[in-house]
Amino acid sequence: MLDAKDKKSLYIGILLAILVLVQWSVGMFLAPVDAMQGQVYRIIFLHVPAAFTAFFSAFMLFIYSILALKSKKDSYQQMCKATAEVGLIFTAITLLTGSIWGRPTWGVWWTWDARLTTTLLLAILYAGYLLLYSSLEPGPGRTKACAILGILISADVPVIYQSVNWWRTLHQPQSMLRKGGATMDPLILWTVVAGILILILFSIWLIVQRKTNIALQDELETKSFQQIK
Amino acid sequence: MLKIRELTFGFRSRRLFEKISVELRPGELVHIAGPNGAGKSTFMSIIAGILAPQKGTIEFFPGAEAGTPVDDRRKYLEYLPAEANGMYTKMSAVENLKFWSNLRGRDVSGRVIFEALEVWGLNHPVIRDQLAIDKFSTGMKRRLALARLQLSGVPCWLLDEPIYGLDTKGLEAFHNILKSHLNAKGMCLVVSHDLKPLEGLPTQTLDLATGRISK
Amino acid sequence: MKTPNAFAQFRILLANGIKSELSDLERLISPLLFALTILILFAFAVGEVEPDMRIKLFVAEVFLTTFLALQISFSRVFEPARTDKVFDLLRTYPVSYNAWFLAKYVLVVMLGLSVALPTIFIGAIMNGKALANVSIWGIIPVTVLAVAGLSALGVLLAAITMKAQSRQILYPLLYFPMTAPVLLSAIQVSVTYLEKGIFNSDSKAWFLLLASFDVIYVTLGVLLFSELVDDSQ
């Protein structure tokens, strides 16, 4: 049986999932066909929000890592781990959709543009973070090490982005994967913007769910040890 | 004086000790007793500053009575871990002793170091200058750590299984330096399975499981 | 008896660190041997190169090799202190954590340069044809800046992963993505200098990026090392 709090969060989750589906549907069916790319461009309605969400997770990791370091409370540490997991999922989605978009549009599965490259490096860093988390004994030592790594990773993301951006602009004209500029159809633009906001909210919901999950797991572990004693 | 109040610590899996309080005054020796796994070494690491307690406080006061606690008790403590000696294994005995003494602000001359090494039978020029620590035997390493203890010049000693690996002569030397330390108003917390070296010294025993102190 | 101040402790710890590294020469020589092997492998695998690609290849090869060799060096920086619980004992001494970090940092910069500079010179010799008309001295400043940044991050990462069981794979997994900006900057600036003989406005931007990276990570290092190591609070 679900208690009141779980029910509330379930309803919020369902609402957000519906919003995501609505946004995709608008993108799939209502937005106009692109003159150059045809139907395949529609993947940006998932790709761009996923990219923003992946980076937003890095920002959340930064904030919660600082909180975990300052207050040493378990709940902040659990939020950090949840953020890294959800961040990894969204970086994976970004990379996958980027590939799917790139292949029919420009004939390549991959390109070293600033955003994709930074997303790839961020995915590797999230994986490293989770690997560190699982390689350390639970306790204040792990909280501190992971919190500090979280700060380092998220502080590095803008630096990585800027360096790759400069590197690419030196070698080839403006990235092909720009959202477009002033010439973008307003419906497309707003659908993408809405998608970014909705997906970020959805990711926050996922992070909170996952954090609750991790907290319960920790509690279960502690209690089961105590039972054995 | 070392004042420990209501010290509590446990891992996720189990509680080790709860609300342990003890006061250690100049000239006093407290032996920490308990079965294997009771948390004696963990208790020592917390006092030494390696781990944080979950509850409770540790304060060090410069005199024999409580007053204003010092800001950094590490200046007044020397810790000897169990099963390790804290030596740079690729460096020599003299280099190690010099380093640790300098870190405390004791700019010890060669002569003082040699005297300490002499007490522990390590004063041979080859042993002290040319042999890397990883070539030492277990007993030799322990004796070197005890030489460092002697050179530290701090009032409070935290010793975890100090006589591990020592032979009869080593045990005797340990008993002697402990006695001099206590006579000079030093204090000592010790964990030791073998109580022989503490014989004849005014010892109190702290039972970690109950928190009770007996004379 | 007065505990030495932070600067005195810095000197003591640095001197000891240098002694400790020199007392175990394998730790110094193996990264260099590794770098040499990689350089040889590169030369072997790539073979003859068109003249206009030679400089780019030299720079990429030399900096990549340096990165790989430094990764090995850096991941091991706390190993002497890990044996025999030296690290724990240091924490029971009245040591200033800032002095400790800075001493470690300076030691690691020295180690890093002792690997990076020979690698550049050996690479230059092996790529003699490419560098016939240029002086490689111009790439020394960017190398120093690069090592300065890598060392700060290297020490922090080594401290973070010190107790992790999967350290061998974890360290490079974190180190390479995070140091990508340094690698890019060093390569871009060096290629520009070697091809054109001067630093241009783009180079200035790269230098600035490198300098920011260095400042960010040394600052974070000083701030976070004590949080990481001090378990007593």
Side-chain angles (χ1 to χ4, degrees), chain A residues 58 62 65-72 84 88 91 112 114 117-171, chain C residues 56 149 152-153 156-189 191-192 200 202-206 208-217 219-221 223-233:
Chain A
F62 182 68
S65 294
I66 294 180
L67 287 172
L69 201 57
K70 286 295 164 201
S71 88
K72 313 274 191 319
L88 181 58
T91 46
W112 290 104
T117 307
T118 313
T119 310
L120 176 64
L121 293 179
L122 185 57
I124 297 174
L125 289 172
Y126 277 138
Y129 180 93
L130 293 170
L131 186 58
L132 179 71
Y133 192 95
S134 59
S135 319
L136 290 173
E137 295 281 324
R142 178 175 73 174
T143 306
K144 281 202 285 190
C146 288
I148 288 174
L149 184 62
I151 294 172
L152 292 180
I153 287 175
S154 27
D156 205 17
V157 169
V159 183
I160 293 174
Y161 180 81
Q162 195 55 277
S163 62
V164 182
N165 205 10
W166 283 349
W167 174 52
R168 295 318 290 172
T169 52
L170 283 178
H171 296 279
Chain C
K56 288 204 173 70
L153 184 59
L156 269 179
L157 280 184
I160 289 171
T161 58
M162 208 167 38
K163 297 201 177 106
Q165 284 158 348
S166 51
R167 199 167 56 242
Q168 305 272 37
I169 182 120
L170 188 56
Y171 193 91
L173 195 64
L174 294 171
Y175 171 86
F176 288 118
M178 295 190 80
T179 56
V182 179
L183 184 65
L184 286 178
S185 311
I187 291 179
Q188 294 309 312
V189 170
V191 167
T192 307
N200 60 16
D202 275 339
S203 309
K204 260 201 260 201
W206 288 113
L208 204 58
L209 185 77
L210 253 187
S212 329
F213 188 94
D214 291 359
V215 166
I216 292 172
Y217 278 101
T219 310
L220 282 176
L223 290 175
L224 297 175
F225 186 75
S226 57
E227 294 276 356
L228 191 58
V229 170
D230 185 3
D231 272 337
S232 64
Q233 299 313 320

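A note on names: the letters A, B, ... follow the listed sequences, proteins ahead of strands, and every chain is numbered from 1.
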- Query: Can you list every pair that meets side chain to side chain donor-acceptor pair (under 3.5 Å) and has a residue in residues 122-150 of chain A, with sequence neighbours left out?
  - Reply: A:Tyr133-A:Arg142, A:Ser135-C:Ser166, A:Lys144-C:Asp231

Quick one: what part of [X] sits under 4.5 Å from any heavy atom of chain A, side chain, backbone, both or neither?
X	answer
C:Ile187	neither
C:Tyr217	side chain
C:Ala159	neither
C:Leu220	side chain

- Message: What part of A:Leu122 gets within 4.5 angstrom of chain C, counting heavy atoms only: side chain, backbone, both, or neither?
- Response: neither

- Task: Against chain C, label A:Val164 side chain, backbone, both or neither, depending on which of its atoms sit under 4.5 Å from a heavy atom there.
- Result: both

Would you say [X] and [Y] make side-chain contact, with heavy atoms under 4.5 Å?
X	Y	value
A:Leu69	A:Ile151	yes
C:Val182	C:Leu153	no
C:Ser185	A:Trp167	no
A:Leu149	C:Leu157	yes

- Message: With rounding to the nearest 0.5 angstrom, report the OH to CZ distance, C:Tyr171 to C:Phe176.
- Response: 9.5 Å

- Top residue by heavy-atom pair count (under 4.5 Å) with chain C, among A:Val157, A:Ile160, A:Leu125?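 Option with the top pair count is A:Leu125.
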
- Query: Between A:Leu121, A:Thr117, A:Asp156, A:Thr118, which residue shows the highest count of heavy-atom pairs closer than 4.5 Å to chain C?
  - Reply: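 The answer is A:Asp156.
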
- For C:Leu223, look at atom CG and say whether over 12 heavy atoms of other residues, nucleotides or ligands are found less than 6.0 Å away. yes

- Query: Any idea which of C:Ile216, C:Leu173, C:Leu184 has the most non-hydrogen atom pairs under 4.5 angstrom with chain A?
  - Reply: C:Leu184

